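Notes for the one structure printed next.
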Amino acid sequence: MATRSEPLARTQARSRRLPRRARRSRLGPVLKHVVLILACIVILFPLAWVFLLSIKSLPDAYTNRIWPHHFDFSHYAEALSGIDTLRQNFTNSIIVTASTMLITTVVAILAGYALVHLRTPGRKLMLGIFVASMFVPTRVTGLVSIYQIQNDLGLINSTWGLILPYQTLALAVSVFIMRGVFETIPKELPESARIDGASSGTILLRIMLPLVRNGVIVVLITNFIAAWGEWLLANALTNDQDKRTFPVVIAGAFGGMGQWQWPNIAAVYIVGIMPGLVLFALTQRWYMKGLQEGALKG
């Protein structure tokens, strides 16, 4: 009897455990969604607060109310006209950022392809240098050297001169990302195309690029974030107001506008972050796919 009762007791114990496991399996996704919602609130609340501040009337700006009592959208026009060179500075940021994105992405694609699918001498040494450079705050430690190089090249106080240090400092991360993306492609694919007579350029343009387009989106967005919000180099390498980029002018706006113009400053910030938000909103699907397909591999 004892031997017969033991299996029965085990079956009853398992049946009691099943509801607990079912509850845990249901509770897990709920907790994940709660954490994600809280994270979104923490991230989005400051943006929402700045936007609401930009459309508040001046009396509302003195109060502690988050929601405006009177809406005033005129601060955007006042902010854009309050600084004479602001539109030029915005154009400078677009030129420097777009050029940095284009040059760095092209070089990163070529380097990532060569490091993975071509016989590149010193490949491990080059990769080690790239990885080591990512752990050094080059913008701070190399600021004097960058200034001297720019001065020798005659690029001080030049908007176009910012492109060279911007794309150089963003190159290591971009190459590292593209290397991880190219590693997800089987090496048999370019080898079979090479046997059929295709050149390395044809393989890269016609076979590889369509397969790594999501990784290219990751590199583009990464370079956009790094270049659009860069302040230290733009402030150190330019002197004239009309040569400087948008973040440098925004950082100096506090001293000129005064505390009574907080809605104007908030409006300027909204204008400054809007291109990044729009770009990410349009490309976030490919950006997430690029991360999942190996952009963070390595």
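Residue numbers run from 1 in the order of the sequence given. Worth saying up front: this structure is predicted, and the values here are computed from it rather than measured.
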Write down the atom of [X], the atom of [Y], and the distance for their closest heavy-atom approach.
| X | Y | value |
| --- | --- | --- |
| Pro247 | Ser93 | CD-OG, 3.7 Å |
| Pro121 | Met126 | O-SD, 4.1 Å |
| Thr202 | Ser199 | OG1-OG, 3.0 Å |
| Asp72 | Ser74 | OD1-OG, 2.5 Å |
| Leu171 | Ala108 | CD1-N, 4.4 Å |
| His75 | Ser57 | NE2-CA, 4.2 Å |

Can you classify the ring geometry of Phe224 versus Trp228 as parallel (below 30°), tilted (30 to 60°) or perpendicular (above 60°)?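 Rings of Phe224 and Trp228: parallel, as their planes differ by under 30°.
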[X] versus [Y]: any side-chain heavy-atom pair under 4.5 Å?
| X | Y | result |
| --- | --- | --- |
| Asn264 | Val268 | no |
| Thr97 | Tyr166 | no |
| Val50 | Ile273 | no |
| Val212 | Ile109 | no |
| Tyr147 | Ile156 | yes |
| Phe90 | Leu86 | no |
| Ile185 | Ile207 | no |
| Asn89 | Val248 | no |

May I ask you to decide if [Y]'s main-chain N or O and [X]'s side chain share a donor-acceptor pair within less than 3.5 Å?
| X | Y | result |
| --- | --- | --- |
| Asn223 | Gln167 | no |
| Ser99 | Val96 | no |
| Glu230 | Ala234 | yes |
| Asn157 | Asn239 | yes |
| Arg244 | Gln241 | no |
| Asn92 | Asp242 | yes |
| Thr104 | Met101 | no |

Nearest 0.5 Å please: distance from the [atom1] atom of [X] over to the [atom2] atom of [Y].
| X | Y | atom1 | atom2 | result |
| --- | --- | --- | --- | --- |
| Leu164 | Thr100 | CG | OG1 | 9.5 Å |
| Arg179 | His117 | CZ | NE2 | 11.0 Å |
| Phe45 | Leu47 | CZ | CG | 10.5 Å |
| Leu118 | Tyr113 | CG | OH | 4.5 Å |
| Leu110 | Leu204 | CG | CG | 6.5 Å |
| Ile203 | Glu191 | CD1 | CD | 9.5 Å |

Do the side chains of [X] and [Y] join up, straight or via other hydrophobic residues, at under 4.5 Å, putting them in one cluster?
| X | Y | value |
| --- | --- | --- |
| Ile41 | Leu277 | no |
| Trp231 | Leu233 | yes |
| Tyr269 | Phe73 | yes |
| Trp67 | Leu44 | yes |
| Leu237 | Leu153 | no |

The test is side-chain contact (heavy atoms from CB on, under 4.5 Å); show your working for Leu189 and Leu211 and say whether it passes. CA-CA 11 Å; Leu189 183 61; Leu211 297 177; 3.6 Å; yes
Flag yes if more than 12 heavy atoms outside Arg206 fall under 6.0 Å of its CZ atom; otherwise flag no.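 Atom CZ in Arg206 is not packed in, count stays at 12 or less.
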side-chain contact (heavy atoms from CB on, under 4.5 Å) evaluation trace for Asn214 with Arg285: CA-CA 9 Å; Asn214 295 327; Arg285 183 176 63 179; over 6 Å; no
One pair to check against side-chain contact (heavy atoms from CB on, under 4.5 Å): Val35 and Lys32. What are the steps and the verdict? CA-CA 5 Å; Val35 172; Lys32 291 180 181 179; 5.9 Å; no
Partner of Val34 under side chain to side chain contact (heavy atoms under 4.5 Å, CB included), chosen from Leu36, Ile37, Leu38: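 It is Leu38; the other options fail the test.
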Candidate pair Thr159 and Thr238, rule side-chain contact (heavy atoms from CB on, under 4.5 Å), full reasoning: CA-CA 7 Å; Thr159 302; Thr238 55; 5.6 Å; no
Is there a donor-acceptor contact under 3.5 Å linking the side chains of Asp152 and Gln148?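 Note: Asp152 and Gln148 side chains miss the donor-acceptor criterion.
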